[in-house]
Number of protein chains: 2
Amino acid sequence: MLTKNDRLGKKLKDRGLKATPQRLILLNIIEECGHVDIEFLYKRLKETIPTISISTVYNNVKKLQDAGIIKEVSISAFKPLYETNISEHIHLVCIKCRKIIDFYVDKEEIKKFFSSITKKEILSFEITLFYLCEECKD
Amino acid sequence: MLTKNDRLGKKLKDRGLKATPQRLILLNIIEECGHVDIEFLYKRLKETIPTISISTVYNNVKKLQDAGIIKEVSISAFKPLYETNISEHIHLVCIKCRKIIDFYVDKEEIKKFFSSITKKEILSFEITLFYLCEECKD
DNA sequence: GTCCATGCAAACGATTTGCATGCGT
DNA sequence: ACGCATGCAAATCGTTTGCATGGAC
């Protein structure tokens with residue numbers, strides 16, 4: 001039975017990165033909170049490690065990105081966000097509360113749909129859909 | 001018969017913005033070049049108006065965005081880009097030469113497709129597709 | 001002992017703001 | 001004459017870098 005920290009530590013070591021407390025907590029925050037920006041990460045990290053430096057946050061986010069452990073999300077009117085979800089999915093954004101949720105799709109189905117529309121071989125995609133979530137419909 | 005400047009000037013005045021030379025040329029550059037960043041705009045504007053200030057570029061880009069005349073494009077690994085195209089379309093990005101082209105779609109068809117997949121009423125979308133363009137296939 | 005990550009401070013780049021000037025109406 | 005846009009400089013914000021320290025292997 002692997003603890004959460006063991007699992008996150010393994011994730012890091014598998015890519016040749018040391019499993020420091022800073023990195024474990026950072027990964028944990030991203031996993032739990034979904035789509036977070038640098039500022040949010042820094043604030044949350046400081047709760048556990050009050051001495052953490054903002055440069056450590058930036059440096060680690062970049063390292064984890066390069067290692068393919070986290071991914072940057074670009075959505076207009078949002079700051080760059082980070083997520084641990086590597087598998088292909090699309091984002092659903094509520095136009096009112098701005099909450100972002102992941103929606104898993106059949107990657108091949110999406111690629112096929114757009115290949116047929118564009119008459120080009122689509123290799124990958126970034127898709128954000130805007131809607132009004134249940135809570136905001138009231 | 002409207003000249004290009006008349007047309008761009010009207011676009012500005014219709015939204016309550018003055019049609020200054022800086023704004024007319026800025027709009028003209030975005031229209032001609034498609035997806036441009038601030039730096040590119042500034043360099044190109046200086047060719048015609050050598051005294052133009054970078055703050056004028058920033059301020060005008062923001063004003064035109066607020067007025068709905070130009071739109072910001074967010075794509076991972078790209079700086080924020082601006083386009084005059086307001087009508088809904090998707091972006092095709094070559095993974096090799098990074099050239100971006102617009103592809104016009106039937107908005108309703110796209111919304112219907114994703115509404116049926118997600119079981120939610122999709123109101124709008126931001127879609128970027130990655131592919132290998134003809135020139136780069138060699 | 002070596003390597004790498006950290007925290008701090010300084011540097012840097014991008015963007016915003018305040019203000020004096022000047023143009024267009 | 002008035003209001004807004006401009007250009008400049010300074011201020012600010014976000015991000016990166018250099019470096020000394022310290023911990024893990």
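Chain A is the first sequence line, chain B the second, and so forth, proteins listed ahead of strands; every chain is numbered from 1. Below, each value reflects all heavy atoms present in this structure, side chains not excepted, and no hydrogens, waters or symmetry copies.
Summarising the geometry, the separation between CG on Leu41(B) and C1' on dA14(C) is reported as 15 Å, rounded to the nearest angstrom. When the C1' atom of dC25(D) is taken as reference, atom CG of Leu17(A) falls 16 Å away, rounded to whole Å. Distance CG (Leu12(A)) to C1' (dC25(D)): 17 Å, rounded to an integer number of Å. dT6(C) atom C1' lies 13 Å from atom OH of Tyr42(A), rounded to whole Å. For the pair Phe78(A) CZ and dG14(D) C1', the computed distance is 19 Å after rounding to whole Å. At whole-Å resolution of the value, CG in Leu81(A) and C1' in dG14(D) are 15 Å apart. Lys13(A) has its NZ atom 15 Å from the C1' atom of dA5(C), to the nearest Å.
Taken residue by residue, residues 31-39 of chain A places no heavy atom nearer than 4.0 Å to DNA chain C. Of the residues in residues 20-29 of chain B, those lying under 4.0 Å from DNA chain D by heavy-atom distance are Thr20(B), Gln22(B), Arg23(B). Of the residues in residues 49-64 of chain A, those lying under 4.0 Å from DNA chain D by heavy-atom distance are Ser55(A), Tyr58(A), Asn59(A), Lys62(A).
Taking Lys112(A) as the reference, nothing meets the side-chain contact (heavy atoms from CB on, under 4.5 Å) condition, with sequence neighbours excluded. Partners of Glu47(A) according to the side-chain contact (heavy atoms from CB on, under 4.5 Å) rule, which considers only residues two or more places apart in sequence or in another chain, are Arg44(A). Checked against side-chain contact (heavy atoms from CB on, under 4.5 Å), Ser115(B) has the following partners two or more places apart in sequence or in another chain: Ile122(B). Residues satisfying the ring pair (Phe, Tyr, Trp, His ring centres under 6.0 Å) criterion with Phe130(B), sequence neighbours excluded, are absent altogether. For Glu134(B), the side-chain contact (heavy atoms from CB on, under 4.5 Å) partners two or more places apart in sequence, or in a different chain, are Lys137(B).
The list of ring pair (Phe, Tyr, Trp, His ring centres under 6.0 Å) pairs with a residue in residues 74-93 of chain B, not counting sequence neighbours, reads His35(B)-His91(B), His89(B)-His91(B), His89(B)-Tyr104(B). Residue pairs meeting the ring pair (Phe, Tyr, Trp, His ring centres under 6.0 Å) criterion with at least one partner in residues 48-68 of chain A, sequence neighbours excluded, do not occur; the list is empty. Every pair passing salt bridge (Lys or Arg N to Asp or Glu O under 4.0 Å) that includes a residue from residues 64-79 of chain A is listed here, sequence neighbours excluded: Asp37(A)-Lys79(A), Glu39(A)-Lys79(A).
Not less than 6.0 angstrom separates the ring centroid of Phe125(B) from the ring centroid of Phe114(B).
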Anything under 3.5 Å between a donor and an acceptor, one on a side chain of residues 21-32 of chain B, the other on a protein residue two or more places apart or in another chain? List them.
from: Arg23(B); atom 1: NE; to: Asn60(B); atom 2: OD1; distance (Å): 2.8
from: Arg23(B); atom 1: NH1; to: Lys18(B); atom 2: O; distance (Å): 3.1
from: Arg23(B); atom 1: NH2; to: Asn60(B); atom 2: OD1; distance (Å): 3.3
from: Asn28(B); atom 1: OD1; to: Lys4(B); atom 2: NZ; distance (Å): 3.0
from: Glu31(B); atom 1: OE1; to: Arg7(B); atom 2: NH2; distance (Å): 3.1
from: Glu31(B); atom 1: OE2; to: Arg7(B); atom 2: NH1; distance (Å): 3.2
from: Glu32(B); atom 1: OE2; to: Lys4(B); atom 2: NZ; distance (Å): 3.2

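Thr84(B) is not listed as a side-chain neighbour of Ile69(B), based on a closest heavy-atom distance of 4.5 Å or more.
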